[in-house]
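Working notes for the structure below.
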There are 4 protein chains.
Amino acid sequence: MAAKRTGEKYNAIIEAAVKVIAENGYHNSQVSKIAREAGVADGTIYLYFKNKEDLLISLFQVKMGDFTAGARKELNDMQNPFAKLAKLISLHFNLLEADRHLALVVQIQLRQSNASIREGIAAPLKKYFKIIEEIFNEGVRSNVFRQDINPKLARQMIFGTMDEVATSWVMSQRHYSLKDQIIPVYNLLAQALSAPDVKIEPFPVKYI
Amino acid sequence: MAAKRTGEKYNAIIEAAVKVIAENGYHNSQVSKIAREAGVADGTIYLYFKNKEDLLISLFQVKMGDFTAGARKELNDMQNPFAKLAKLISLHFNLLEADRHLALVVQIQLRQSNASIREGIAAPLKKYFKIIEEIFNEGVRSNVFRQDINPKLARQMIFGTMDEVATSWVMSQRHYSLKDQIIPVYNLLAQALSAPDVKIEPFPVKYI
Amino acid sequence: MAAKRTGEKYNAIIEAAVKVIAENGYHNSQVSKIAREAGVADGTIYLYFKNKEDLLISLFQVKMGDFTAGARKELNDMQNPFAKLAKLISLHFNLLEADRHLALVVQIQLRQSNASIREGIAAPLKKYFKIIEEIFNEGVRSNVFRQDINPKLARQMIFGTMDEVATSWVMSQRHYSLKDQIIPVYNLLAQALSAPDVKIEPFPVKYI
Amino acid sequence: MAAKRTGEKYNAIIEAAVKVIAENGYHNSQVSKIAREAGVADGTIYLYFKNKEDLLISLFQVKMGDFTAGARKELNDMQNPFAKLAKLISLHFNLLEADRHLALVVQIQLRQSNASIREGIAAPLKKYFKIIEEIFNEGVRSNVFRQDINPKLARQMIFGTMDEVATSWVMSQRHYSLKDQIIPVYNLLAQALSAPDVKIEPFPVKYI
DNA sequence: GATGAATGAGACTTCATTCAT
DNA sequence: TATGAATGAAGTCTCATTCAT
């Protein structure tokens with residue numbers, strides 16, 4: 001009765017949902033379409049997910065969870081806040097460019113979901129926000145970032161800018177490379193956040 | 001036969017739609033609900049709008065059109081790019097704070113719409129983007145803004161930051177004042193955009 | 001309150017209905033379309049007709065009434081049953097060929113109407129049936145038509161044949177002339193109805 | 001996704017549609033009524049038919065297809081054109097008399113359908129027309145039918161007469177037997193079509 | 001008499017979810 | 001576990017008719 005949250009088919013359904021939503025749009029992604037793409041029967045979806053909404057929330061949680069976990073792991077080893085900022089932007093844009101379906105779904109389609117889906121999305125998003133704020137706070141503590149910026153506001157600028165750049169790119173039908181935006185965005189944000197007398201570190205080439 | 005695009009009822013329906021969507025969410029805003037709120041019969045909606053989608057696009061176009069027209073008018077008289085930036089942020093946040101329904105609809109609900117509605121939204125949004133880019137370009141030309149930032153990227157940072165701050169505020173259920181964010185956001189963006197040796201102008205008090 | 005059954009606008013509305021139905025089909029002929037074609041307001045229709053159904057029945061009655069009255073008048077002066085049959089076919093096909101809108105409406109569109117309209121149509125149609133039967137009966141009485149055919153059946157063959165030929169012609173989009181069918185149909189029916197030893201009269205040229 | 005065109009329910013829905021349309025009239029036969037009569041849910045209709053129109057076209061095609069296939073099979077074994085004509089009339093009238101609902105639907109209700117339904121109906125009707133013309137052509141080739149009648153016109157008379165007789169019978173609410181019309185109609189048409197010196201064959205008793 | 005904006009009942013269709021197999 | 005045919009609630013839109021002006 002309770003939905004199984006693991007298994008081969010669980011993942012197959014999630015991946016199918018990403019593909020179907022990316023290709024058909026949120027409002028044109030029926031359960032039956034996702035089931036067909038996943039190679040299972042309609043009813044099988046309900047063995048793994050409580051309902052369609054649960055599937056969509058799970059989709060975002062899984063994908064976002066993977067991303068934040070990966071990001072945290074990669075960033076943990078690093079010390080320099082500038083390098084961390086560079087790495088974050090690089091990870092963010094590389095992920096989207098590497099998976100066009102995911103990019104479409106995350107930047108556009110999933111924002112068409114309703115309130116309760118958004119609530120389900122809130123938790124993993126907050127974790128990502130926390131990572132961003134931590135990077136900023138470390139920079140403040142080590143006196144390389146400005147003391148006079150509210151951390152939350154800093155996060156809003158960092159995320160808002162990356163998100164807007166990514167959305168523009170997706171909406172442009174990806175006629176240019178998002179990776180090419182990594183260094184410009186880094187330079188812009190590093191400049192904006194760096195403390196008055198601190199020399200901004202150039203983008204570490206290896207993070208592209 | 002052709003939908004009437006003006007008149008008392010036209011506006012009443014637009015306002016009713018904003019209210020209903022704000023209170024019920026995009027996916028729970030049926031035509032009949034909007035009609036009831038507007039005090040007209042369901043069929044009357046179709047005398048003024050081709051269909052539900054046309055109503056939603058019109059809603060955004062009217063509201064966004066009013067805003068960009070107003071913004072352009074207010075900004076036209078001004079010379080100083082810093083002052084213009086300050087004014088823009090002030091207008092943006094004041095509009096949303098003044099009309100809580102509109103804020104919800106613009107920041108959250110309308111982003112749940114489908115592809116064709118988004119297309120209808122694109123045009124007025126581009127006009128707003130253009131205003132932002134013009135402000136930045138003027139600042140570059142008068143040597144107060146950095147020469148080494150791509151104008152489109154500058155616009156993405158400005159809009160992305162304002163949008164993210166506004167969305168955070170709406171999602172927080174507006175437990176704090178968005179107006180209080182005007183000066184911090186201005187300081188942050190002005191700092192990010194200002195040319196190396198230019199002294200950032202403090203936020204003009206009268207623009208709050 | 002009671003519908004006016006005469007007047008300039010009454011006729012204008014009838015003619016407009018014929019045109020609109022011919023051009024748009026029965027199911028796509030809204031009251032508002034007919035009103036626009038007639039150059040009156042929607043509400044005005046209801047000053048002259050009880051409702052849409054009443055308009056359609058009236059349309060058929062007027063047109064069919066004109067036709068039967070005209071036919072009766074023309075046929076009254078004639079004596080010869082063969083000549084009368086020839087004249088009838090000629091009148092029938094000439095009327096349809098002369099008024100393409102009427103042809104479409106009578107042969108195709110009006111048959112899409114519902115039960116109560118068909119009932120309203122029945123009376124004028126019966127009058128036309130009566131004319132046909134009378135021609136046959138005269139032929140029987142004067143021994144030029146077969147005695148062994150039931151008059152009703154004779155009428156059904158005459159009307160059924162003319163009707164099928166006319167329908168075929170209308171459905172063919174009138175790529176050929178219906179008038180060219182007058183003589184062949186006459187020959188066929190005259191042959192079928194003529195008494196064994198009676199020489200069929202050739203089609204009187206003047207009736208084409 | 002694609003509509004299933006076979007199965008137990010497919011037939012049940014077709015039969016239900018015939019009954020509902022016969023009893024309520026074309027314009028008063030809602031999908032929900034047909035579904036109820038068939039003992040299925042409204043949505044089930046759409047598993048078997050693309051839409052309401054598709055159901056109506058299918059209905060006619062199935063019924064007409066059955067009839068023409070049956071007629072062709074029965075007529076194939078026969079040689080004598082007179083006998084074939086007799087058989088055709090017998091089949092036509094017997095079918096309608098045996099299934100009062102079908103008679104109502106075919107003779108009256110389905111003619112109320114719109115253009116696209118009529119188009120869907122055209123193909124099976126043409127097949128029936130072809131059968132009729134073939135009978136006539138065989139009679140001409142074997143010198144028992146008149147050489148001077150255009151085959152298409154012959155078909156129009158045959159079909160037009162049978163159709164008018166059937167329509168009269170249906171409209172009369174079937175207060176008499178349509179079968180009783182078989183021999184009179186045969187005699188009338190055989191007389192009309194037979195070559196000058198050919199003795200008309202009496203109606204073969206076994207075909208009643 | 002004439003208008004035409006407004007009405008609102010009602011029809012078709014979709015699709016998330018269920019459940020017998 | 002898995003299936004997929006069946007369900008039926010619910011939403012958008014049309015259009016004949018009305019009635020205040």
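Note that these values count all heavy atoms, side chains included, but never hydrogens, waters or copies made by symmetry. In what follows, every chain begins at residue 1, and chains take the letters A, B, ... in the order their sequences are listed.
- Within the 4.0 angstrom heavy-atom criterion, base atoms lie near A:V31.
- With E:dT3, E:dT18, E:dC12 as the candidates, the nucleotide lying closest to the side chain of D:K52 is E:dC12.
- For E:dT7, the OP1/OP2 oxygens have a side-chain nitrogen or oxygen of B:T44 closer than 4.0 Å.
- The separation between B:I45 atom CD1 and F:dT14 atom C1' is 14 Å, rounded to whole Å.
- The closest side-chain heavy-atom distance from B:Y10 to B:S58 is below 4.5 Å.
- Taking the side chain as every heavy atom from C-beta outward, D:L59 and D:I21 approach each other to under 4.5 Å.
- We find that CG of A:L47 is positioned 11 Å from P of E:dT18, with the value rounded to whole Å.
- Across all strands shown, F:dA2 is found opposite E:dT21 as a Watson-Crick or G-U wobble partner, with both distances under 3.5 Å.
- Computed from coordinates, the C:R36 CZ to E:dA2 C1' distance equals 18 Å when rounded to whole Å.
- Taking every side-chain heavy atom of C:Y46 into account, F:dT18 is the closest of E:dT7, E:dT13, F:dT18.
- Put simply, C:Y48 has a side-chain N or O that comes within less than 4.0 Å of OP1 or OP2 on E:dA2.
- Smallest separation of non-hydrogen atoms from A:M64 and A:L125: CE-CD1, 3.8 Å.
- Contacts of B:F49 with the nucleic acid, taken as non-hydrogen atoms under 4.0 Å apart, are absent.
- Across the protein-nucleic acid pair, C:I13 atom CD1 and F:dT17 atom P stand 14 Å apart, rounded to whole Å.
- The CD1 atom of A:I34 sits 14 Å away from the C1' atom of E:dT17 (whole-angstrom rounding).
- For B:K9 and D:E53, each mapped to the nucleotide of DNA chain E holding its nearest heavy atom, the one lying further toward the 5' end belongs to B:K9.
- Taking atom CD of residue D:E8 and atom C1' of nucleotide F:dA5, one finds them 13 Å apart after rounding to whole Å.
- Between D:V40 and C:G43, the one whose closest nucleotide on DNA chain F sits nearer the 5' end is D:V40.
- Residues D:I14 and D:F49 meet the side-chain proximity criterion, which asks for heavy atoms closer than 4.5 Å.
- Each of C:D42 and A:Q30 was matched to the nucleotide of DNA chain E holding its nearest heavy atom; the match closer to the 5' end belongs to C:D42.
- Computed from coordinates, the A:Y10 OH to F:dT1 P distance equals 15 Å when rounded to whole Å.
- The CG-P distance, from B:N28 to F:dG11, rounds to 8 Å in whole Å.
- Nearest to the side-chain atoms of D:N51 among the listed nucleotides E:dT13, F:dC13, E:dT3 stands E:dT13.
- Between D:E15 and D:K63, at least one side-chain N (NZ, or NE/NH1/NH2) sits under 4.0 Å from a carboxylate O, which counts as a salt bridge.
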